[in-house]
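All residue numbers refer to positions in the sequence shown, counting from 1. This one's a predicted model, so the numbers in the text were calculated from it and none came from an experiment. Numbering of ligands and ligand atoms starts at 1, following listing order.
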Amino acid sequence: MKLPPNSSVLFDSQTIRSRILEIAEKVRQYYASCDLGEIEMVWIAEGARHFADALFNAMNLSIKMRSIKVSSYGKSFESSGDVKIYDSINDIKARRVLLVDDILDTGLTAKTVIAKLKSNGVEEVKTCFLLNKAEKNKGCLKPDFEGFEIPDKYVFGFGLDIAGEYRDLPDIMAFDY
Ligand code: 5GP
């Protein structure tokens, strides 16, 4: 597959896999004393698919898992500021939700989903992001679990796309635009 010009590897697949094992262990420890039946892992489609699968397998906790489709980017490189939740999440009745996404950028997506879950009666929402553009979002939402802090660059690969492409790349690439 031809890569976009001015793109380079930010994290290779081995580095990503090792980090996910570490995050999974932290999540396991956090939920160790909880009733597993009260927990649901909710991941944001499509971008978090690879991360959520790897995390879920590594956690080895028998909890429920589901995806919800949310979008704010469309085909652009910047958030539209308008977050759309396409799936009904009204039936998420778990007491505790682990919200998993590929990347924390402005924080708008996560904040919108958290507010919706809380208004549904979910008592606790913990967040887990593989990547965090911490400089850009200035800590507006502090992830409970995170993989890597990254600079404000558009990234793709390992589930993240550019207009629907490149999701299956094993590495995470940064695109200088
Ligand atoms: P936020 O609402 O935090 O600004 O954006 C979160 C969503 O925007 C992520 O779930 C992801 O889909 C998308 N996003 C943000 N930054 C990037 C990026 O650098 N690359 C890609 N592919 N998607 C991004």
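- With a 4.0 Å heavy-atom cut-off, ligand 1 is reached by the side chain of Asp102 but not by its N, CA, C or O.
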Show your working on side chain to side chain contact (heavy atoms under 4.5 Å, CB included) between Leu98 and Val27 and close with a plain yes or no. CA-CA 9 Å; Leu98 175 66; Val27 175; 3.8 Å; yes
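- Remark: ligand 1 and Phe156 share no N or O pair separated by less than 3.5 Å (distance only, no angle test).
- By the 4.0 Å heavy-atom criterion, Lys111 is excluded from the residues contacting ligand 1.
- Taking every non-hydrogen atom of Lys133 and a distance limit under 4.0 Å, the qualifying atoms of ligand 1 come out as 16 (N), 17 (C), 18 (C), 19 (O).
- The closest approach between any non-hydrogen atom of Lys153 and ligand 1 is below 4.0 Å.
- Aromatic ring pairs are classed by plane angle as parallel below 30°, tilted from 30° to 60° and perpendicular above 60°; the pair Phe175 and Phe156 is perpendicular.
- Between the side chains of Asn132 and Asp105, no donor N or O sits under 3.5 Å from an acceptor N or O.
- Counting the atoms of ligand 1 from 1 in the order shown, those under 4.0 Å from a heavy atom of Leu108 are 2 (O), 3 (O).
- Going from atom NE2 of His50 over to atom CD1 of Ile172 covers 10.5 Å, rounded to the nearest 0.5 Å.
- At least one heavy atom of Asp101 sits closer than 4.0 Å to an atom of ligand 1.
- Counted within 6.0 Å of CD on Glu25, heavy atoms from surrounding residues, nucleotides or ligands total more than 12; the atom is thus considered enclosed.
- Ligand 1 has an N or O atom lying under 3.5 Å from an N or O atom of Gly107, backbone or side chain.
- The only option from Ile114, Asn120, Val122 that meets the side-chain contact (heavy atoms from CB on, under 4.5 Å) definition with Lys118 turns out to be Ile114.
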